[in-house]
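What follows is a short report on a single structure.
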Amino acid sequence: MRTFRLGVLTGDGIGPEIVPAAVEVIDAALDTTSAAAVEWVPLPVGAAAIESHGDALPEVTVETLRGLDGWLLGPHDSAAYPEEHRRKLNPSGYLRKHFDLFANIRPAKAFDGTPALVPGMDLVVTRENTEGFYTDRSTYRGTGEFMPTADVAIAMGIFTRPAIERIARQACELALRRRRHLTIVHKANVLRTTTGFFLEICREIAADYPQLEVDDFHIDAMTVHLVRRGADFDVLVTENMFGDILSDLTGELAGSLGIAPSINASHERAMAQAAHGSAPDIAGRGLANPTAMIASGAMLLDWLGLPEVAERIDLGLRETVAQGIRTADLGGTASTTEFTAAVIKGLA
């Protein structure tokens, strides 16, 4: 039986509630199988790390992560950090850039019996995670934003063939394992050189996968199609900022951002991270939905080669919700701990 070493970075806001919930559920799922075990490695991050180490992402955390098999990252509230820390890359952005976690995989799947705006939605946004219009991580040193004068601000969008090729191939491989439908999202009618380049290369890579149905839409039209007929789509592939926006939209259309998981991965390591933010307004009140963080942990297990355990967790989440045990964002009354306990009970 293999033992994986996984980092635990609880983060800010509701992080200290939902990350431990994910740890508990993963441990419970693994207890039902002899496939693997986990050694959890707690590491400082966020506001608590500023107090204890003088930095939201201490060097000891980054160096320890390098030797681990993966990690869970809770949400961070970097907007609330002291000014000298707000000027730095936020913890999530830094880790994605530092470890070249180029693929941000964000599923959006409605739960049966919940008030989803698009019932039957079951798609995955495959987001290029290292360049595009997100200037905080698109350059080797510094950022792609600068001000040549006090009255001029400029942002660079970076698009490179290697980065586009690898995310396109990731999306094609994912589509092969699902319903074999790939949708490329771009703005090539206006941003012809940059997102036109993205579209062109995605089409080149998709040509290697004749089993796939491939189409493409402009980003603005895509938002409308998702609202009107989101259940028709399977795998979306797009650049960084478009992917961030679309995945928030699809998460809410599927029922709630509280059920929207994600994983950030390279070929060597992966970081599980819920797609939503830190929700400081409900922090510490037991109202947070831990589903997204738990499901993100399940995605990490799948990436580590434990798909059966990941499927068991996903089924446990869905059975719990189907039984009417739901947090407030899904129309229920269960607290964070009550929902987590119900999921664990169902795994036994």
Side-chain angles (χ1 to χ4, degrees), residues 1-11 13-46 61 64-65 67-76 92 95 99 101 104-107 109 111 258-265 268-276 286 288-323 325-327 334-348:
M1 182 174 67
R2 179 173 177 184
T3 297
F4 293 99
R5 300 184 70 236
L6 301 180
V8 183
L9 293 77
T10 55
I14 60 174
E17 299 168 77
I18 63 172
V19 174
V23 169
E24 290 180 42
V25 171
I26 290 171
D27 280 342
L30 288 172
D31 282 346
T32 66
T33 176
S34 59
V38 170
E39 175 191 342
W40 298 104
V41 183
L43 293 167
V45 72
T61 295
T64 303
L65 291 177
L68 301 182
D69 296 299
W71 60 92
L72 308 181
L73 175 65
H76 52 73
S92 173
L95 291 172
F99 289 112
L101 305 177
N104 187 200
I105 311 299
R106 293 188 165 188
K109 184 175 181 179
F111 279 64
I259 64 171
S262 82
I263 192 171
N264 304 269
E268 293 78 32
R269 52 181 56 85
M271 172 173 77
Q273 178 184 25
H276 59 69
N289 186 347
T291 297
M293 194 69 238
I294 294 169
S296 298
M299 292 180 71
L300 177 58
L301 294 181
D302 183 60
W303 185 87
L304 290 169
L306 299 169
E308 297 86 358
V309 183
E311 289 172 12
R312 185 172 178 81
I313 291 173
D314 183 68
L315 182 60
L317 288 168
R318 295 186 176 278
E319 287 179 343
T320 300
V321 171
Q323 292 166 6
I325 304 171
R326 305 168 187 174
T327 48
S335 69
T336 308
T337 54
E338 288 169 344
F339 181 84
T340 304
V343 174
I344 292 172
K345 182 179 179 181
L347 293 172

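As a basis for the values below, the full set of heavy atoms in this structure was taken, side chains included, without hydrogen atoms, waters or symmetry mates.
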Please round to the nearest 0.5 Å and tell me the distance separating atom [atom1] of [X] and atom [atom2] of [Y].
X	Y	atom1	atom2	result
I325	L317	CD1	CG	11.5 Å
T327	I18	OG1	CD1	11.0 Å
F4	I26	CZ	CD1	11.5 Å

When you measure from the side chain of [X] to the backbone N and O of [Y], does any donor-acceptor pair fall under 3.5 Å?
X	Y	result
D69	R5	yes
T10	G15	no
T336	A288	yes

Return the minimal non-hydrogen interatomic distance between [X] and [Y], and the atom names on each side.
X	Y	answer
T32	R312	OG1-NE, 3.2 Å
T291	N289	OG1-OD1, 2.7 Å
L301	A310	CB-CB, 4.5 Å
A260	A292	O-CB, 3.3 Å
K109	I259	O-CD1, 3.8 Å
S296	A272	O-CB, 3.3 Å

Distance to the ring centre below 6.0 angstrom and angle to the axis at most 45 degrees; does that hold for R326 and F339?
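Cation-pi check for R326 and F339: fails.
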Test side chain to side chain donor-acceptor pair (under 3.5 Å) applied to T340 and E24, step by step:
CA-CA 8 Å; T340 304; E24 290 180 42; over 6 Å; no
Step by step, work out the side chain to side chain contact (heavy atoms under 4.5 Å, CB included) result for W71 and L43.
CA-CA 10 Å; W71 60 92; L43 293 167; over 6 Å; no
Exactly one of I313, I105, L304, N264 should register a side-chain contact (heavy atoms from CB on, under 4.5 Å) with M299. Which one does?
I105
Is there a side-chain contact between [X] and [Y] in this structure, where contact means two heavy atoms from C-beta onward sitting under 4.5 Å apart?
X	Y	result
W40	L6	yes
M293	L72	yes
H276	I14	yes
L9	L65	yes

Using only heavy-atom distances, determine whether the side chains of S92 and Q273 contain a donor-acceptor pair under 3.5 Å.
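Yes, Q273 and S92 have a side-chain donor paired with an acceptor closer than 3.5 Å.
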